[in-house]
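Here the structure is laid out as structure tokens; the discussion comes afterwards.
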Amino acid sequence: MSLFAYHLRQGLRSLRRTPVLTALMVLSIAMGIGASMTTLTVKHLLSGDPLPGRSGQIYYPQVDASTRGERARREPLDMLDYTSATDLWRDGPADRKALVVDSPVKLSAPGSQEPAMMTTLLSTTADFFPMFQVPMAYGAGWSAEDDQRRARVAVISSELNQRLFDGKDSTGKMLRIRDSEVRIIGVLAPWRPSPLFYTVAGGRFAQGDTADYYRQVEDVMVPFFTGLQINAGNFRQFTCNKLPEKPGYLENTDCVWLQLWVQLDSAAKLAAYQQHLQAYVQQQQQLGRISQPELTRLRSLMEWMDYNGVVPRDVKLQAWMALAFLVICLFNTIGLLLAKFLRRTGEIGVLRALGATRAMVFQQCLIEAALIGVGGAVLGLLFTLVGLWSIRQQPLAYADMVQLDMSMLGLTFATAVTTTVLAGLLPALRAARIDPALQIKAL
């Protein structure tokens with residue numbers, strides 16, 4: 001029998017001899033693991049990379065064409081005015097460029113039994129689909145030519161396709177958006193970016209609800225300029241130097257309301273685009289349209305999400321509180337392990353007298369702590385699953401996405417075993433330093 005197998009058998013025997021104390025230690029670890037892993041799983045979900053392997057190539061340009069106020073801003077406005085957005089979209093050394101704006105819209109499907117509904121329309125350009133790797137179930141997105149000629153075509157979400165067409169291939173069918181009809185040319189596969197990164201805006205000083213970043217994708221997507229035509233008057237203005245004559249009609253106004261994303265596949269292209277952006281700002285300054293050229297930024301996707309604070313503050317606070325609770329549970333476990341090992345001083349003294357080294361005693365105590373960690377991991381996993389289930393029952397925008405993936409499952413077990421072994425270091429060291437002569441004399 002190997003030494004490890006011997007220590008393992010002895011550890012199991014020791015745990016069975018003190019079932020109440022063993023149960024208390026396992027429960028202490030499990031509660032700490034359950035609370036911490038529940039909140040960390042939510043935080044992991046909300047702060048994850050929505051485009052793994054690609055986010056470093058996606059950038060969000062910002063220029064500020066607003067007039068200088070009484071106090072100069074330190075950061076540009078989060079969105080672009082129409083002139084700046086379309087200028088940068090039409091020109092610039094980017095691999096791909098996508099204009100983005102969403103708006104509420106009334107929609108119906110001729111021949112469908114479903115009544116007209118209010119939903120969200122995304123007006124964007126053709127590069128949106130390959131840039132963000134949007135999965136398609138049927139058909140495809142539109143072309144750059146469709147953008148230019150303002151084609152009346154649309155791509156719909158899988159949820160809307162299920163609702164209106166029972167999930168079947170609906171390409172070629174018509175939708176009625178307000179007073180216009182568009183032809184469906186594509187249907188998305190189930191797609192739920194977390195967060196909904198391409199509409200993130202508001203900045204660190206915004207007072208908006210970050211939970212809106214975790215809603216489902218828009219039900220209908222149409223070419224950008226088509227959307228401006230068929231949904232005119234329904235676009236939301238954010239900051240305006242001068243209020244538009246007709247609210248919601250924002251083309252060629254001083255209002256900021258559009259977003260632009262660019263894809264830059266190399267460091268050289270990034271440098272070239274930065275130079276282009278600075279040249280554009282200088283040109284617009286000479287024309288008198290931009291007064292603060294220093295308010296120009298080019299943030300990567302992850303930098304943009306971090307700037308906007310997409311992880312809700314209460315989730316961060318809960319994560320810190322849960323980790324603090326785990327630390328308290330570990331200190332409790334340290335105390336229980338110390339009491340358990342010191343109660344066995346006579347047994348350990350005999351082992352030492354029979355030739356067991358301090359290292360052997362130390363190893364056996366750590367293996368016993370690891371066994372407690374495995375038990376805590378199993379029970380903690382059950383607590384985590386219950387915690388995530390309870391979150392899914394809450395009225396949160398991201399509740400339906402809260403699931404325990406394989407990475408967090410592995411982290412749960414690794415955290416439970418590792419923290420318990422760490423908690424057992426001090427008690428194991430104390431047990432290994434027991435003087436065998438004193439213990440045998442006391443027997």
Side-chain angles (χ1 to χ4, degrees), residues 58-67 73 75-103 120-129 131-132 142 144 146-148 150 196-203 218 221-244 246-264 273-285 287-293 295-301 304 307-308:
I58 308 299
Y59 292 85
Y60 188 86
Q62 293 172 269
V63 300
D64 198 324
S66 61
T67 57
R73 283 186 294 274
E75 292 290 341
L77 295 173
D78 281 12
M79 294 189 174
L80 298 171
D81 61 284
Y82 181 84
T83 300
S84 299
T86 54
D87 284 350
L88 292 172
W89 174 71
R90 291 192 174 97
D91 193 18
D95 294 282
R96 293 189 176 101
K97 293 171 284 188
L99 286 167
V100 174
V101 62
D102 59 3
S103 55
T120 305
L121 172 74
L122 185 75
S123 303
T124 186
T125 49
D127 281 348
F128 176 89
F129 301 98
M131 181 189 298
F132 297 142
W142 54 85
D146 290 329
D147 281 324
Q148 296 295 342
R150 307 190 178 201
L196 202 63
F197 58 91
Y198 55 82
T199 56
V200 166
E218 295 78 6
M221 303 177 180
V222 298
F224 178 77
F225 297 102
T226 302
L228 299 193
Q229 284 184 336
I230 64 180
N231 206 29
N234 279 347
F235 294 95
R236 294 166 292 185
Q237 60 201 47
F238 288 82
T239 300
C240 299
N241 294 329
K242 180 182 178 182
L243 291 177
K246 298 174 64 177
Y249 292 81
L250 305 179
E251 291 184 58
N252 301 312
T253 66
D254 290 331
C255 298
V256 296
W257 57 296
L258 301 175
Q259 294 178 281
L260 174 68
W261 293 91
V262 298
Q263 178 179 328
L264 306 168
Y273 193 85
Q274 288 173 326
Q275 292 179 356
H276 168 76
L277 196 60
Q278 292 296 332
Y280 174 77
V281 170
Q282 292 172 6
Q283 177 198 55
Q284 296 300 306
Q285 184 183 21
L287 295 175
R289 207 174 65 83
I290 288 180
S291 61
Q292 293 178 270
L295 295 184
T296 302
R297 305 286 186 271
L298 185 62
R299 291 183 167 97
S300 69
L301 170 57
W304 179 242
Y307 172 75
N308 280 273

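We use all heavy atoms of the structure for the numbers below, so side chains are in, but hydrogens, waters and symmetry mates are not.
Leu277 contributes atom CG, which lies 9.5 Å from atom CD of Gln62 (distance to the nearest 0.5 angstrom). Here the OG1 atom belonging to Thr86 is positioned 11.5 Å from the CG atom belonging to Asp91, to the nearest 0.5 angstrom. Between the CZ atom in Arg297 and the OH atom in Tyr307 there is a gap of 8.0 Å [rounded to 0.5 Å]. Interatomic distance, Asp81 CG to Leu258 CG, rounded to the nearest 0.5 Å: 8.0 Å. In this structure, CZ in Arg236 is found 7.5 Å from CE in Met79, a value given to the nearest 0.5 Å. The distance from the OG1 atom of Thr125 to the NZ atom of Lys97 is 9.5 Å, given to the nearest 0.5 Å.
Counting heavy atoms from C-beta outward, Asn231 and Val222 have side chains that stay 4.5 Å or more apart. Counting heavy atoms from C-beta on, the side chains of Cys240 and Asp254 never come closer than 4.5 Å. Within the 4.5 Å cutoff, the side chain of His276 has heavy atoms near those of the Leu88 side chain. Looking only at side-chain heavy atoms (C-beta outward), Gln283 and Asp87 stay at 4.5 Å or farther from each other. Side chains of Leu260 and Leu99 form a contact here, defined as non-hydrogen atoms less than 4.5 Å apart.
Taking Phe128 as the reference, Phe132, Tyr198 meet the ring-ring contact (aromatic ring centres under 6.0 Å, His included) condition, with sequence neighbours excluded. Applying the salt bridge (charged side-chain N to carboxylate O under 4.0 Å, His left out) criterion to Asp95, with sequence neighbours excluded, gives Lys269. Taking Tyr82 as the reference, nothing meets the ring-ring contact (aromatic ring centres under 6.0 Å, His included) condition, with sequence neighbours excluded. Listed by chain and residue number, nothing satisfies the salt bridge (charged side-chain N to carboxylate O under 4.0 Å, His left out) test with Arg96 (two or more places apart in sequence, or in another chain). Partners of Tyr280 according to the ring-ring contact (aromatic ring centres under 6.0 Å, His included) rule, which considers only residues two or more places apart in sequence or in another chain, do not exist here. Not a single ring-ring contact (aromatic ring centres under 6.0 Å, His included) links Phe224 to another residue, sequence neighbours left out.
Between the Asp127 side chain and the Ala98 main chain, no donor and acceptor come within less than 3.5 Å of each other. Looking at Asn234, its side chain never comes within 3.5 Å of a backbone N or O of Ser103 through a donor-acceptor pair. Judged purely by atom type and a 3.5 angstrom limit, Thr296 has no side-chain atom pairing as donor or acceptor with the backbone of Val63.
Across all non-hydrogen atoms, the minimal contact from Ser123 to Leu228 is OG-N, 4.5 Å. Across all non-hydrogen atoms, the minimal contact from Gln259 to Ala201 is NE2-CB, 3.8 Å. The two residues Pro93 and Leu264 come nearest to each other via the heavy atoms O-CD2, 3.8 Å. Closest non-hydrogen pair, Val281 versus Ile290, comes out as CG1-CG2, 4.2 Å.
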| task | Could you check Phe235 against Cys255 for side-chain contact (heavy atoms from CB on, under 4.5 Å), going step by step and ending with a plain yes or no? | result | CA-CA 11 Å; Phe235 294 95; Cys255 298; over 6 Å; no
| request: Let me see the working for Thr199 and Asp102 under side-chain hydrogen bond (donor to acceptor under 3.5 Å, both in side chains), right down to the final yes or no. | output: CA-CA 8 Å; Thr199 56; Asp102 59 3; 4.8 Å; no
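Using a 30° and 60° split on the angle between ring planes, Trp142 and Phe129 fall in the perpendicular class, above 60°.
A ring-centre distance under 6.0 Å is not found for Tyr59 and Trp261.
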